[in-house]
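Here the structure comes first, spelled out in C-alpha cells, and everything after it is commentary.
All values derive from a computational prediction rather than experimental measurement.
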Amino acid sequence: MLNRLKDDLSEAFKVAIREVAEAGGWPSAEVPEVPWDYPSESSFGDLSTTVAFSLTKQARRSSREIAGAIAQRLALDPSAVERIEVAGAGYLNVFITKSWWRQVIGEVLRAGALYGRARVGEGKKVQVEFVSANPTGPLHVGHGRGAALGDALANLLQAVGFKVEREYYVNDAGTQMEILGRSILARYQQLLGCDVPFPEGGYQGDYITGLAREVIQREGDQFLNQDEGKMVLTFAAFAAEEILKGIRTDLDAFGVQFDRWFEESTLYRRPPERNQTLLEEAIAFLKEKGFIYEEEGALWFRSTAFGDDKDRVLIRSSGEPTYYASDIAYHMEKFRRGYDLVIDIWGHDHHGYVQRVKAAVQALGYPPEALQILLIQLVNLLRGGRPVAMSTRAGEFVTLKEVLDEVGKDAARFIFLTRRAEAPLDFDLEVAKAQSEENPVYYVQYAYARLSSVLREAEKAGFQAPSLDADLSLLKLPEEFSLMKQLALYPEVILGAALAFEPHRLTAYLQEVAGQLHSYYRRYRFISQDSNLSWARLALAEAVRSVIGDALSILGVAAPERM
RNA sequence: GCGCCUGUAGCUCAGCCAGGAUAGAGCAACGGCCUCCGGAGCCGUGUGUCGGGCGUUCAAAUCGCCCCAGGCGCGCCA
C-alpha cells in the first residue's frame, strides 16, 4: 500500500520534473529515479526526497530553486497527499493525509495473515542449507544460531513468494567418521578393562563414553576380539546414527524442520540407474571442460580460472577424494535439482572456503550469484556477563539442548536473530532467562499478550470481533498514527529482510512496534465509555496484534495470548 | 605476507549494500508512575574525536585509498 503510494508519487514527481525542465530550458531527457526517505523528524513530513539535489548540475540552478519549481507543478492525489513542503537546502517533504494512514488498518484486518506477503519470488525455487553439523557430537550454541537464522530466512523467503526447501547436509563419510569410530571403540575397550590409549584427536566428550556404554549394554563384550578396522566402521555407523537422532530431537525442540537430510555418503555410492557416482560425474564433467590436470600423483582443479588464489586438489595421490571434491559433487547435485538460488549458511571459520566453492559452481556452468553463502560469526556464551568456557576439542561445550532447557526456545531464537549474521553475538544466559525488560523477547511477546488480553476484555464488554465498519476517523492521536505508520511499513520490512537475507531487521521492527504499543497502552484506554471510539481503537489493536503475531511466526517465536 | 569480518554513547548493538536535515535503540545509572483494559509495563534525565587520516561530493557513519586495533581464514584437514 505504502509502496503503491511511493510509486504514484514518483510518477507524479517525474512528470513535474519534466515540465520544470522544459519550462526552464534544461535537458529533461534524463529524469532521475526519485528516492524516498522516511524523515526522522515528523515536522519533515512522512516521506521526503532529495531528488532536487541530483538535478542541480543539469539545471544549473540551486537545489532549493528546483525543489520549489517541482513543488509548484506537482499534480497529486489530494486524498493521499495533504501537502508538499520545500525545506532546508531543497528537500521535498510529503505530508500524507490522516485518512490515508487510517486505511492501513482496514488493509491489515482484511488481509490478515496475508498482509505483508509479496510475490517477488515468483515461485522460484530456493534451497537453504543450514546447520549441517557433523554427526560426531551434539549441537552446540553456535549451531543454534545457524538453525535460527536459516529457519527464519527460509520463512522470510517463503513470505515473499519463493518456493523454499530446507536441507541438512550430513557429513557421514570421510575422516571424521573414522575418528568417531575409533573414539567409541577406545572407550568401549577401556570400559571393558582393556588398557588402550585414546586416539589422538579423538572426540573426548562424555557422550562418546555414553555411546560406548550403550554398545556394551546391547551387545556386551562380543566386539572385543574382532577385527579393529571393521569395528571402527561399525561403531562409527552406530554412533553417527545415534548422534543424528539426538540432533533431530534437538532441532525439533528448537522448532526447526528440514525437508531433506542429504547424506554425504550418497556422493560415493553408485546409483543403480547410472554407471558413475556423483563424485565421479562431477570430476568427469570438469575434466571434459578442461579444468582438471594431474600433478605429483594428485588430481587438481584449476580453480584459479575462477578467481581462486591457487588450484586445489580433488583426488589425493593416495586416491582419496578431498572434502572439496565432495562439496563440488554436492553442489552439482543441488543445482541439478533445479534450484534458482542456493543459499549455504556456514560458520564464519569457513570463509576461506567460499571463493573455492563459488569457483566450482561456475566451472560447473552455473552463474556465481546462484550460490549465496552466508557466514555466521561466533556466539559468545555468557552467564551474568562472564564468559562460559567452551572447548570442542576437550569435549567441553554447552549444547543447544542445555541452552534450550535453561532459557527456552523463544528466547533463544529471538536473541540469535537480534544481530546480523556476520557480527559476533553475545548470548547471556541470565539475560535470556530474565523475565524483564532486559529481555527483548518478553518485551515483544508481552505486547502480543497484552493486546490479546485487551481483546478478551473487549469481548466481555460487548465488543465482539473488531469491526471493519468502525469509524476510524475517531483515531486522531499522534501515537495512533505512529502505530499506523508502523503497520504500513511492515511489508517493506519483510521484503527488505528477505532480499537482504537479514532476519534481524524483523526483530528490530518488532521491538519498535512493541515499544510504541506499550507506550500507547499506558497512556490511553482501548475500551472506554465512548463505544465508537472503542470500536476504532480495538480495530487498531487487532491490526497491531495481527502484525506482531505474523512477524513472530516468521521468526519461529511463539505469540502467546497469555504469559 | 595476502584475504575476509568487526570497530558507532559506560556496556550490547541498529543505521553502511542504494550518501542527505540536530547519528538512533536497548541495557546500565538516577528520579518518578499501580482509583483505570495485564507494572513481564510506562514517563523523565544525561551521554558520542561514528577507530584514525586523506580523498570524492553541494552533502560522508555510509563511497574510495592508506593506517591502527581485535577476530578469522589462507593444507594432497574437515
Side-chain angles (χ1 to χ4, degrees), chain A residues 33 35 37 39-41 43-44 48-50 53-54 56-57 62-63 87-91 93 134 136 171 173-177 179 201 264 295-300 308-310 312-327 347-356 375 377-378 382 385 418-426 428 431 434-447 449-458 460-461 463 500 502 504-505 507-508 511-512 514-515 517-528 534 537-538 541 562-563:
Chain A
E33 281 306 302
D37 272 333
S40 47
E41 184 113 2
S43 64
F44 295 152
S48 159
T49 181
T50 54
F53 293 104
S54 56
T56 48
K57 257 192 193 131
S62 75
S63 46
Y91 293 92
N93 295 335
N134 291 344
T136 52
N171 289 103
T175 323
Q176 80 274 6
M177 279 298 105
I179 297 172
E264 182 190 358
E295 200 173 287
E296 296 172 26
L299 208 62
W300 294 73
D308 197 4
D309 301 338
K310 49 175 292 194
R312 309 287 170 175
V313 170
L314 297 186
I315 306 287
R316 287 177 266 232
S317 43
S318 68
E320 286 280 300
T322 59
Y323 183 81
Y324 182 41
S326 65
D327 247 4
H348 190 260
D349 52 341
H350 288 72
H351 79 247
Y353 204 62
V354 171
Q355 192 52 251
R356 245 179 282 177
L375 301 174
Q377 270 284 10
L378 294 177
L382 310 173
T418 50
R419 305 242 180 297
R420 55 195 221 284
E422 63 269 30
L425 170 77
D426 286 341
D428 194 311
V431 171
Q435 303 198 350
S436 75
E437 55 197 287
E438 278 180 273
N439 191 340
V441 67
Y442 282 99
Y443 189 77
V444 174
Q445 287 183 318
Y446 186 52
R450 210 169 213 181
L451 286 167
S452 302
S453 171
V454 165
L455 291 163
R456 279 195 301 270
E457 288 303 313
K460 280 187 218 159
F463 298 95
E502 291 184 351
H504 78 274
R505 297 189 190 188
T507 54
Q511 292 183 73
E512 174 66 30
L517 186 274
H518 287 309
S519 178
Y520 177 73
Y521 176 90
R522 290 301 300 174
R523 235 173 127 180
Y524 307 102
R525 293 185 57 80
F526 284 96
I527 306 161
S528 65
S534 301
R537 287 184 173 173
L538 287 167
R562 290 190 169 83
M563 294 172 68

[atom1] atom, [N] versus [M]: distance in rounded Å?
N: B:rU62; M: B:rC17; atom1: P; answer: 9 Å
N: B:rC42; M: B:rC37; atom1: C1'; answer: 15 Å
N: B:rA61; M: B:rG15; atom1: C1'; answer: 8 Å
N: B:rG3; M: B:rC65; atom1: P; answer: 11 Å
N: B:rA59; M: B:rA40; atom1: C1'; answer: 45 Å
N: B:rG51; M: B:rA23; atom1: P; answer: 15 Å
N: B:rC67; M: B:rC4; atom1: P; answer: 13 Å
N: B:rG52; M: B:rG7; atom1: P; answer: 13 Å

Applying the Watson-Crick and G-U wobble criteria at under 3.5 Å, what pairs with [N]? Answer none if nothing qualifies.
N: B:rG26; answer: B:rC11
N: B:rG46; answer: none
N: B:rU35; answer: none
N: B:rG75; answer: none
N: B:rC58; answer: B:rG20

Contact class for [X] (heavy atom, under 4.0 Å): base, sugar-phosphate, or nothing?
X: A:Ala458; result: nothing
X: A:Asn134; result: sugar-phosphate
X: A:Glu33; result: nothing
X: A:Ala508; result: nothing
X: A:Thr175; result: sugar-phosphate
X: A:Lys460; result: nothing
X: A:Arg523; result: nothing
X: A:Tyr521; result: base
X: A:Arg419; result: sugar-phosphate
X: A:Ser519; result: sugar-phosphate

Take atom CZ in A:Arg523; do more than 12 heavy atoms of anything else shown fall under 6.0 Å from it?
no
Of the nucleotides [options], which has the atom closest to the [X] side chain?
X: A:Glu296; options: B:rG38, B:rC76, B:rU6; result: B:rC76
X: A:Phe44; options: B:rA21, B:rC76, B:rC5; result: B:rA21
X: A:Arg316; options: B:rC77, B:rG41, B:rA14; result: B:rC77
X: A:His504; options: B:rC74, B:rG38, B:rG15; result: B:rG15
X: A:Ala449; options: B:rG38, B:rC36, B:rC4; result: B:rG38
X: A:Glu457; options: B:rC4, B:rC37, B:rA78; result: B:rC37
X: A:Gln377; options: B:rG41, B:rA40, B:rC5; result: B:rC5

Could you tell me whether the phosphate oxygens of B:rA14, OP1 or OP2, come under 4.0 Å of any side-chain nitrogen or oxygen in A:Arg420?
yes
Under 3.5 Å, side chain of A:Asn439 to main-chain N/O of A:Val431, donor-acceptor pair present?
yes
Would the base of [N] count as contacting [X] through its side chain, where contact means a donor and an acceptor less than 3.5 Å apart?
X: A:Asn93; N: B:rA21; value: yes
X: A:Arg522; N: B:rG39; value: yes
X: A:His351; N: B:rG3; value: yes
X: A:Ser453; N: B:rC37; value: no
X: A:Ser48; N: B:rA21; value: yes

pair [X]-[Y]: side-chain heavy atoms closer than 4.5 Å:
X: A:Arg537; Y: A:Tyr520; value: yes
X: A:Phe526; Y: A:Leu451; value: yes
X: A:Leu538; Y: A:Val454; value: yes
X: A:Leu375; Y: A:Glu422; value: no

Can you work out whether A:Tyr520 or A:Gln511 has the more 5'-proximal nearest nucleotide on RNA chain B?
A:Gln511
Please tell me which of A:His350 and A:Thr50 maps to the more 5' nucleotide of RNA chain B, matching each residue to the nucleotide holding its nearest heavy atom.
A:Thr50
Which distance, rounded to the nearest 0.5 Å, do you find between the CG of A:Asp327 and the CZ of A:Arg356?
10.0 Å
Should B:rC34 be called syn or anti, with syn set as within 90° of 0?
syn
With stacking defined as ring centroids separated by under 5.5 Å and planes differing by under 30°, is A:Tyr446 stacked against B:rG38?
no
Do A:Glu264 and A:Asn171 get their side chains close enough for a donor-acceptor pair, meaning under 3.5 Å?
yes
